[in-house]
Amino acid sequence: MSRYNAKEVEAKWQQAWSEQRIFEARAEPGRPKYYVLEMFPYPSGRIHMGHVRNYTLGDVVARYRRARGFNVIHPMGWDAFGLPAENAARDKGIHPARWTYDNIANMRAELKSMGLAIDWTREIATCHPGYYGHQQKLFLDFLKAGLVDRKESAVNWDPVDQTVLANEQVIDGRGWRSGALVEKRKLAQWVFRITAFADELLESLGELERWPARVRLMQENWIGRSEGAYVNFPIVGRDSALKIFTTRHDTLFGASFMALSADHPLARQAGEKDPAVADFIAECQRMGTTEEAIEKAEKRGIDIGLRVRHPIDPSRELPVYIANFVLMDYGTGAIFGCPAHDQRDFDFATRYGLPIVPVVAPKGDAAAVASLDTAYVGDGLLINSGFLDGMTVADAKAAMAEKLRELDAGEPTVTFRLRDWGLSRQRYWGCPIPVIHCESCGIVPVPESDLPVILPDDVTFDRPGNPLDHHPTWKHVDCPSCGRAARRETDTMDTFVDSSWYFARFCSPRADVPIVREEVDYWLPVDQYIGGIEHAILHLLYSRFYSRAMKQCDWVSVDEPFDGLFTQGMVCHETYKSADGAWLYPEELEWLEDGGVRERQSGKPVTVGRSESMSKSKKNVIDPGAIIDKYGADTARWFMLSDSPPERDMEWTDAGVSGAWRFSQRLWRQIVESAPRHAAAPDALPNDIDDAGLAVRRATHKTIRDVGAAIDGFHFNVAVARIHEFSRVLGSYEGEGPSADWVIREALDALVRLFAPMMPHLAEEAWSTLGHSGLVAEAEWPAFDPQLVVDDTVTIVVQVGGKTRAKLELARDLDERAVREAAFASDNVVRAMAGKTARKVIVVPNRLVNVVV
RNA sequence: GGCCGCGUGGUGGAAUUGGUAGACACAGCAGACUUAAAAUCUGCUUCGGUUACCCGAGUGCCGGUUCGAGUCCGGCCGCGGCCACCA
């Protein structure tokens, strides 16, 4: 029995693909293209199972589309800037560049061992000046186009590491690395004006039909459009007014106080005069932004003595508080409090003894809201509201908006939750922001002739803060405008910037301009993008913004970069804990015959925990390298595609892997053992084949149809099942085959091409064993004969009263009367009817008969 | 708290979108081959009623629409995700 040696065979075919350069893509205007892209990896050092799943899915699509005749582009690169490289430098003394490029070399080799149909000539790394230099050019274009701004904004500041932290890096109010209490600081930051596209980014979500509904919804919520109104409350004793934003202007008559954010200019003014107010502001700024902090935080405030007039009823004066629950960067940083109809305002009013005046009641029934113990946020009719009384909430909003406009006291407006994208990071290992600060000229862009602004190599990590800041010379430059001494911007860009345009750079990865228009016009948009759901918001939203910004600067023609998006599930594995509660690696365990588990070394008992997403911290990881080494890439790929639908989480099991390995061996035997016996099909197919021959041909053509449909729909697990089934069918004819041996040959030729996208190495070996000279990677997808996928007979289900009582094998398209007769002739049907007469008979052609008794 | 998903055998999951529930696989059991084991092959495998046949129940729970519901509608229960003091 011949055994398939994956290790040798896989290396051989990987070399053949590479030597024949079949995956190198070239734009061919007029020929249909297909751009397959998986989210590029961060070069952490080793690939993990999540990568294996991601790139296997993409590779199936790429190879399948190629077989379908598309001009496929399938590139790979490295999201290579980021904090871990700097941490490695601090902890191990390795330069970030060295660490990163070493990791890339490792991971490239690992990815290559997977046998991916990738055009490696297009490989890019975002940390290379040949990439980030062009990113600086785009930045300057955006700056010129008014898409970049410099803004004072509140940031999380780690006083020990002396850097800004992203929200995700603040854990329980402390820096994740230093453990220091994080402060809120105002810093001048560069921002992309993503909010300028808020409406468009929201609107266009509707056109992304090949995106998961869930992702679109998440983006919709993230952008968070709300319709409301600005309202101006004149300040008593001053010329100015306090401007607030509300979505409930219908409840304006229920106002009982005003509340300002601690960062509001009026709050600051008050703080300068009153130490108690200043103390309260300081306290608000210290307040954590974590989930628990927010949940526990009480609604608190301080009356700053200011009074405003109600805009509709000037006789009423309202107190102005600073409140800890009002955010500066949403709306205007100030609200009016309507305790009866907002829970936060209700809590606040209760605490400070402010009036609670209901102005909306169900059906206008004032009694129903006379004594509230929580805010009433439901619908109803207006009460206690002068000219609004009796109106619905919606009508009252409209009427109030009209009134505000009349009085010049406010106007309807739309507000978004989306904020501008702060891109400044006080870090070394990122793309330098190409601007210069000059005392006399202000902000001066780096002249394009001076690009790229290259990161200096000679940096030190021996003290906290940004190494670019500590560098003795790098930041000192002459102002390009006036020539006097000036300072280079030492902040670098958020790494999300790097990944916001890489799909465009892949189209012309070596060009001396960022993007070559003819190339992107041919290849973009990405037809199928594949990656984890964790990027559902930020990366995908940023890329959508970037596309629009690049279009505005005439670099690309598309608004939407990703036509189709697929979000894969995670790879999970059981977790193991020792008796003293420490996590254990699967390799540290020994499995006993009785099904128990213990530690291999010590023999101590082990608790098997639930299956969770593979992570180093829980030690429930399986190294893909070891699996590929032992079983081959095809086995790993096949297992990834089997059983679990790709969008769902899957569980990695030893049994599953060995099952995949056994099946690959089975396929190999089946093909190699039958191949010599079966001749190729004659040009003119004979009609006189026997029943077995016809059955095999039908199975072949149905499988071709079903596998194609399954791959089209991303149901790779179903495609796998159909191939299993087909292999069994062929197996059942191994002893006594059809008289026409070309029928088996036709089946094998189809079979190999059907599993080629999934197990490409085995497929090449099988294809050549079958006597084909070319590569199966370049073979056409088999076509099915529509006549052969329709059987002559159909199984008709006969139900009596909705319960299945018989199954009849009848000729296809038999007329209704004959079907009825056959149904009533069935013993089981007669018995089930028990002498009753049929009240009604429903006949669904070629499917079922339901006798209603 | 808001919004959105999902609940199918021992397990992962199928089910032409309202028409045979459990394809395919894993695990398990039985058998063949073998001195034996491994490997391989064959069969069985939702639960209950004595095997075959057949009967009853069955897609989280309760109800509804329909000749017919895993699929549609209403209400519960459970699990998960995203956002979250967003005015």
Side-chain angles (χ1 to χ4, degrees), chain A residues 1 3 212-222 224 226 228 244-249 251 259 261 287 289 291 293-295 297-299 323-327 329-338 341-345 347-348 377 415-419 533-534 536-537 611 639 642-645 648-651 653-660 662-663 665-666 669 706 709-710 715 717-728 731-732 734 795-807 827-828 831-832 838-844 846-853:
Chain A
M1 199 185 292
R3 183 142 163 198
R214 188 162 61 123
V215 175
R216 286 184 303 191
L217 188 74
M218 280 161 72
Q219 293 215 352
E220 192 180 316
N221 291 338
W222 186 264
S226 40
I244 62 100
F245 171 73
T246 180
T247 57
R248 292 300 303 273
H249 36 296
T251 65
S261 159
M287 194 176 72
T289 52
E291 199 174 320
I294 286 165
E295 227 154 74
E298 285 177 277
K299 303 285 172 282
N324 63 353
F325 62 92
V326 181
L327 306 173
D329 47 5
Y330 185 74
T332 62
I335 60 163
F336 82 89
C338 177
H341 304 291
D342 182 287
Q343 191 56 45
R344 291 158 304 181
D345 299 350
D347 296 345
F348 192 84
V377 294
T415 296
F416 293 91
R417 212 190 71 103
L418 183 70
R419 314 278 158 79
I533 186 78
E534 67 272 19
I537 297 173
S611 182
F639 176 53
S642 305
D643 293 352
S644 294
R648 266 195 240 179
D649 289 352
M650 66 170 290
E651 173 148 14
T653 61
D654 289 346
V657 183
S658 51
R662 281 201 306 272
F663 184 67
Q665 293 291 335
R666 182 195 148 83
R669 276 198 310 277
D706 292 349
H715 307 303
N717 55 324
V718 179
V720 164
R722 293 288 94 86
I723 289 170
H724 265 285
E725 233 170 349
F726 186 41
S727 164
R728 293 277 160 200
S732 69
E734 249 156 33
T795 307
I796 303 270
V797 171
V798 186
Q799 299 179 331
V800 178
K803 287 185 199 299
T804 301
R805 295 299 177 185
K807 292 169 191 178
D827 289 346
N828 287 350
R831 194 168 342 112
R839 279 197 291 130
K840 192 173 169 187
V841 180
I842 286 153
V843 180
V844 182
N846 293 327
R847 192 154 287 167
L848 113 168
V849 177
N850 189 5
V851 182
V852 187
V853 289

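Since the structure is predicted, the reported quantities are computational estimates derived from the model, not experimental observations. Chain identifiers are assigned alphabetically (A, B, ...) following the order of the sequence lines, protein sequences preceding nucleic acid strands; residue numbering begins at 1 within each chain.
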Looking at the side chain of A/Arg669, which of B/G13, B/U40, B/U20 is the nearest nucleotide? B/U40
Does the side chain of A/Arg344 get closer than 4.0 angstrom to OP1 or OP2 of B/C86 through an N or O atom? yes
Find which nucleotide of RNA chain B each of A/Ala721 and A/Arg666 is nearest to by heavy atoms, and output the residue with the more 5' nucleotide. A/Ala721
From the candidates B/C24, B/U40, B/A57, the one with an atom nearest any side-chain atom of A/His724 is B/C24
From B/C41, B/C86, B/A27, pick the nucleotide closest to the side chain of A/Arg417? B/C86
Counting C-beta onward and ignoring hydrogens, is there a side-chain heavy-atom pair between A/Val852 and A/Arg839 closer than 4.5 Å? yes
Under 4.0 angstrom between A/Arg728 side-chain N/O and B/U42 OP1 or OP2: yes
First locate atom CG of A/Asp706, then atom NE2 of A/His715, and finally report the distance between them rounded to the nearest 0.5 Å. 12.0 Å
Proximal nucleotide (of B/C4, B/A14, B/U20) relative to the A/Pro645 side chain: B/A14
Nearest of B/A87, B/G12, B/C83 to any side-chain atom of A/Asp643? B/G12
Between A/Asp329 and A/Arg419, does any NZ, NE, NH1 or NH2 come within less than 4.0 Å of an OD or OE carboxylate oxygen? yes
Using OP1 and OP2 only, check whether a side-chain N or O of A/Arg722 sits under 4.0 Å from B/A15. no
Pairing pattern in dot-bracket form [Watson-Crick, G-U; both distances under 3.5 Å; | = partner strand] for RNA chain B: (((((((..(((......[....))).(((((.......))))).((((....))))..(((((..]....))))))))))))....
Does A/Arg214 have any side-chain contact (heavy atoms from CB on, under 4.5 Å) partners at least two apart in sequence or in another chain, and if so, which? A/Met218, A/Ile533, A/Thr567
May I ask you to verify if any side-chain N or O of A/Lys803 is less than 4.0 angstrom from the OP1 or OP2 atom of B/A57? yes
Does A/Ser644 offer a backbone N or O that forms a donor-acceptor pair with the side chain of A/Asn717 under 3.5 Å? no
P atoms of B/U20 and B/G68, separation to the nearest Å: 15 Å
Is there a side-chain polar atom (N or O) of A/Arg216 under 4.0 Å from OP1 or OP2 of B/C4? no
So which nucleotide from B/G19, B/C83, B/C26 ends up closest to the side chain of A/Trp222? B/C83
Looking only at B/C85, B/C83, B/C67, the nucleotide nearest the A/Ile537 side chain is B/C83
Nucleotide of B/C54, B/A27, B/C55 approaching A/Ala655 most closely (side-chain heavy atoms): B/A27
When rounded to the nearest 0.5 angstrom, what is the spacing between OG in A/Ser727 and CZ in A/Arg669? 9.5 Å
Would one find a side-chain N or O of A/Ser261 under 4.0 angstrom from OP1 or OP2 of B/C86? no
I want to verify a distance call: between B/A87, B/G68, B/C82, whose nearest atom is closest to the A/Asn850 side chain? B/G68
Per A/Arg805 side chain, nearest of listed nucleotides B/A27, B/G13, B/G56: B/G56
Please work out if A/Gln799 contacts a base, only the sugar-phosphate, or nothing of the nucleic acid, heavy-atom cut-off 4.0 Å. base
Have a look at A/Ser642 and say if it touches a base, only the backbone sugar-phosphate, or nothing, with a 4.0 Å heavy-atom cut-off. nothing
Side-chain N or O of A/Asn717 less than 4.0 angstrom from OP1 or OP2 on B/C24? no
Taking atom P in both B/U46 and B/A52, compute the distance separating them and give it to the nearest angstrom. 11 Å
